[in-house]
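Below you will find the structure I want to go over with you.
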Amino acid sequence: MNISSATRVLALLGDPVAHSLSPEIQNAACVETGVDGVYVAVRCAKDDLEGFMRGLARAGGGGNVTLPHKEKAAAVVDLPSEAVRRTGACNTFWGDENGRVVGENTDVEGFRRALRIFVGGAPAGMRVLLLGAGGAARATLMALLEEDVDEVVLLNRTTERARAVARRIGGQKARVANMSIEVKGQSFDLVVNATRLGMRPGDPSPFELGLLSRVGGAIDLVYGKDPTPLLRSAAEFGVRAVDGGEMLVQQAAVAFERWWGMPAPLEAMREELRRRKGG
Ligand code: NAP
């Protein structure tokens, strides 16, 4: 990587950022394609977010926003995409020719692409159990509805949050379950974990898959070096499952495409993720 005064600076803004693999994945993509950019992680307080975003965008750069600032970022950008407006969360930004900050939520398209790879085609008509009601769950729900699934049942620790997500994004196809017991004995084509459970060592599985009569497959948005609790539970019940690694790469690829106007080098990005995960 040859850094000069012409190099575009892209930054991940959040708190914390030390655990993120985005710098490694994006810099690997820059090296692979030969674009003149560098990607760094900046730990940033909420009050500093807007200044960083505007400064980077006006300087010809951009970046990503991660926890806990995605909602604030959605409120800061001048030109929010449809995905930012519907989810109320922004994870990618850059500047336009007039110095305005453009915002995108690449988790929506990232999940959609990872889902299609997992399913081996379009998931139209599926019945999905979606665990969680935070930013990732909102992006997942939007992608599922765009893919024309039949029904999404939302289940979250705080039921009122799930209701708010269903109202905001779900339309006629989202239903809220108050407790796990309400879906006991039911059949789902797909279970998606969009909670934080699995991020910390010792976390329990976000859902007891044995409660269901049938599960077609499971996607955990959480990823790590070891199989997540949901993946371990899926193995126990013979359910095909993947972690959030592919979604991480796909959402990064969509961001790369927006910044650089060219296809992202997916294989190089996957390879970097595998290397960092030690596999
Ligand atoms: P968030 O907005 O903070 O939401 C967290 C969600 O987890 C909420 O539904 C929360 O329930 C639930 N939760 C937290 N602790 C829990 C516990 N002890 N028991 C049960 N539920 C619990 O976070 P987010 O942005 O949606 O992210 C969620 C996960 O998705 C994170 O692990 C993140 O790393 C992952 N993610 C992955 C990708 C990817 O590319 N693979 C992209 C985005 C996010 P309450 O509402 O009850 O608090």
Side-chain angles (χ1 to χ4, degrees), residues 12-22 24-26 46 64-74 83-84 87-92 104-115 117-118 129-143 152-166 168-169 174 176-180 191-208 218-225 228-231 241-256 264 266 269-270 272-273 276-277:
L12 172 69
L13 306 173
D15 185 13
V17 289
H19 66 287
S20 174
L21 295 176
S22 291
E24 286 82 1
I25 291 173
Q26 292 293 354
K46 194 175 179 183
N64 289 125
V65 179
T66 189
L67 294 173
H69 300 327
K70 289 184 188 181
E71 278 82 9
K72 172 84 191 272
V84 171
T87 60
C90 166
N91 76 341
T92 302
E104 180 59 279
N105 185 345
T106 67
D107 283 340
V108 177
E109 179 62 13
F111 177 77
R112 206 175 67 83
R113 292 183 187 182
L115 171 65
I117 290 171
F118 181 68
L129 178 61
L130 174 56
L131 311 169
R138 292 202 296 273
T140 302
L141 179 59
M142 184 173 160
V152 182
V153 177
L154 287 154
L155 179 62
N156 188 49
R157 179 178 62 178
T158 312
T159 308
E160 196 35 57
R161 268 189 104 188
R163 287 195 202 293
V165 171
R168 180 184 183 121
I169 300 171
V176 174
N178 293 295
M179 287 181 294
S180 303
V191 174
V192 180
N193 176 36
T195 76
R196 288 170 178 238
L197 282 176
M199 291 184 84
R200 286 184 310 192
D203 271 353
S205 177
F207 185 79
E208 179 50 66
I219 300 180
D220 198 342
L221 265 51
V222 178
Y223 56 88
K225 275 196 167 121
T228 63
L230 183 67
L231 260 56
V242 289
D243 74 5
E246 182 63 22
M247 177 180 169
L248 179 74
V249 167
Q250 293 290 349
Q251 62 80 27
V254 180
F256 183 94
L266 272 174
M269 296 165 94
R270 286 194 187 107
E272 187 62 27
L273 176 65
R276 298 291 163 173
K277 280 169 82 174

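All values derive from a computational prediction rather than experimental measurement. In each ligand, atom 1 is the first atom listed, and ligand 1 is the first ligand listed.
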Check your understanding: Any idea which heavy atoms bring Leu266 and Ala253 closest together, and the distance?
Key ->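 Minimum heavy-atom separation between Leu266 and Ala253: CD2-CB, 3.8 Å.
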Practice item. Can you see which heavy atom on Ala133 is nearest to which on Val165, and at what distance? Key: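 Closest approach of Ala133 to Val165, heavy atoms only: O-CG2, 3.4 Å.
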Check your understanding: How many angstroms lie between atom CD1 of Ile219 and atom CZ of Phe111, to the nearest 0.5 angstrom?
Key ->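 Going from CD1 on Ile219 over to CZ on Phe111, the span is 4.5 Å.
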Review point. Taking N or O atoms only and a 3.5 Å limit, does Gln251 qualify as a polar contact for ligand 1?
Key: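 No.
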**Study point:** Heavy-atom pair of closest approach, residues Ser22 and Leu12
**Key:**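 Closest approach of Ser22 to Leu12: CB-CD2, 4.5 Å.
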Check your understanding: Can you find a side-chain donor-acceptor pair between Asn178 and Arg163 that sits under 3.5 Å?
Key ->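 Checked: Asn178/Arg163 side chains pair up, N/O donor to acceptor below 3.5 Å.
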Practice item. Answer yes or no: is there a donor N or O on one side and an acceptor on the other, between the side chain of Lys72 and the main chain of Lys46, under 3.5 Å? Key: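 Answer holds: yes.
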**Study point:** Nearest heavy atoms of Glu246 and Ala114, plus distance in Å
**Key:**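 Scanning both residues completely, I find the closest heavy atoms to be CG-CB, 4.0 Å.
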Check your understanding: To which protein heavy atom is atom 11 (O) of ligand 1 closest, and what is the distance rounded to 0.1 Å?
Key ->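 Looking at atom 11 (O) of ligand 1, the protein heavy atom closest to it is Asn156 OD1, 3.2 Å.
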**Study point:** Min side-chain heavy-atom separation Asp15-Pro68 under 4.5 Å
**Key:**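 Asp15 reaches Pro68 side chain to side chain.
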Review point. Of Lys70, Glu71, Met142, Arg168, which is the lone residue that meets side-chain contact (heavy atoms from CB on, under 4.5 Å) with Thr87?
Key: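 Answer after filtering Lys70, Glu71, Met142, Arg168: Met142.
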Exercise for review: With heavy atoms of Leu67 as the reference, note each atom of ligand 1 found under 4.0 Å away.
Suggested key: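 Matching atoms, with element in brackets: 25 (O).
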Review point. Where on Met199 is there a heavy atom closer than 4.0 Å to ligand 1, on the side chain, on the backbone, on both, or on neither?
Key: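 Under 4.0 Å from ligand 1, Met199 contributes side-chain atoms alone.
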Review point. Does the side chain of Glu24 come within less than 4.5 Å of Leu273's, by heavy atoms?
Key: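 The answer is no; the side chains never approach within 4.5 Å.
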Point to revise | Backbone of Ala252 reached by a side-chain donor or acceptor of Gln26 within 3.5 Å | key: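 Side chain of Gln26 to backbone of Ala252: a pair is present.
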Check your understanding: Val153 and Ala177: which non-hydrogen atoms are nearest, and at how many Å?
Key ->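 In terms of heavy atoms, the two residues are closest at CG1-CB, 3.9 Å.
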Practice item. Would you check the N or O atoms of Gly245, main chain and side chain alike, for any that come under 3.5 Å of an N or O of ligand 1? Key: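 No, there is no polar N/O contact under 3.5 Å.
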Point to revise | Option set Thr140, Asn193, Thr195, criterion heavy-atom distance to atom 29 (C) of ligand 1, minimum | key: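 The residue whose heavy atom sits nearest atom 29 (C) of ligand 1 is Thr195.
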Point to revise | Pro68 and ligand 1 - part of the residue with a heavy-atom distance under 4.0 Å | key: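 For Pro68, no heavy atom sits under 4.0 Å from ligand 1.
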Exercise for review: With heavy atoms of Gly135 as the reference, note each atom of ligand 1 found under 4.0 Å away.
Suggested key: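 Contacts of ligand 1 toward Gly135, numbered from 1: 2 (O), 26 (O).
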**Study point:** Nearest heavy atoms of Ala166 and Val176, plus distance in Å
**Key:**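 For Ala166 and Val176, the tightest heavy-atom pair comes out as CB-CG2, 3.9 Å.
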Exercise for review: Would you check whether Asp107 has a nitrogen or oxygen atom less than 3.5 angstrom from a nitrogen or oxygen atom of ligand 1?
Suggested key: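 For ligand 1, there is no N or O atom that lies under 3.5 Å from one belonging to Asp107.
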**Study point:** Nearest-contact summary for atom 19 (N) of ligand 1 - protein heavy atom, Å
**Key:**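 Here the nearest protein heavy atom works out to Leu197 CD1, 3.5 Å.
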Point to revise | Of Thr92, Val84, Val254, the residue whose pairing with Asn105 passes side-chain contact (heavy atoms from CB on, under 4.5 Å) | key: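 Looking at Thr92, Val84, Val254, the match for Asn105 under the side-chain contact (heavy atoms from CB on, under 4.5 Å) is Val84.
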Review point. Which of the numbered atoms in ligand 1 are below 4.0 angstrom from a heavy atom of Tyr223?
Key: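 So the answer, numbered in order with elements, is 41 (N).
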Exercise for review: Measure the distance from atom 44 (C) of ligand 1 to every protein heavy atom, then report the residue, atom name and distance (to 0.1 Å) of the closest one.
Suggested key: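 Of the protein heavy atoms, Ala136 CB, 3.6 Å lies nearest.
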Review point. What are the atoms of ligand 1, with element, lying closer than 4.0 Å to any heavy atom of Arg161?
Key: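 Atoms satisfying the 4.0 Å criterion: 8 (C), 45 (P), 46 (O), 48 (O).
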Practice item. Have a look at ligand 1 and work out which part of Thr158, if any, has a heavy atom under 4.0 Å from it: side chain, backbone, both or neither. Key: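 Both the backbone and the side chain of Thr158 come within reach of ligand 1.
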Review point. Less than 3.5 Å between some nitrogen or oxygen of Gly244 and one of ligand 1, yes or no?
Key: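 Yes, there is a polar N/O contact under 3.5 Å.
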Check your understanding: For ligand 1, which atoms, with element, lie under 4.0 Å from some heavy atom of Ala194?
Key ->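 So the atoms of ligand 1 that pass are 28 (C).
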Check your understanding: Heavy-atom distance to atom 36 (N) of ligand 1: which of Thr66, Asn105, Leu221 wins?
Key ->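 Selected option, by shortest heavy-atom distance: Leu221.
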Check your understanding: Which part of Val222 is near ligand 1, with near meaning a heavy atom under 4.0 Å away: side chain, backbone, both or neither?
Key ->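 Under 4.0 Å from ligand 1, Val222 contributes side-chain atoms alone.
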Exercise for review: Would you mind telling me if ligand 1 is within reach of the side chain of Arg196, the backbone, both or neither, using heavy atoms under 4.0 Å?
Suggested key: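 Contact part for Arg196 vs ligand 1: both backbone and side chain.
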Practice item. Provide the number and element of each atom of ligand 1 under 4.0 Å from a heavy atom of Ala133. Key: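 Contacts of ligand 1 toward Ala133, numbered from 1: 9 (O).
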Review point. Near Gly134, which atoms of ligand 1 are under 4.0 Å from a heavy atom of that residue?
Key: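 With Gly134 as reference, the close atoms of ligand 1 come out as 2 (O), 4 (O), 9 (O), 26 (O).
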Point to revise | Distance from atom 14 (C) of ligand 1 to nearest protein heavy atom, with residue and atom | key: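 Of every protein heavy atom, Arg157 NH2, 3.8 Å lies nearest to atom 14 (C) of ligand 1.
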**Study point:** Proximal ligand 1 atoms for Gly132, defined as those under 4.0 Å from one of its heavy atoms
**Key:**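 Numbered from 1, ligand 1 contributes 9 (O).
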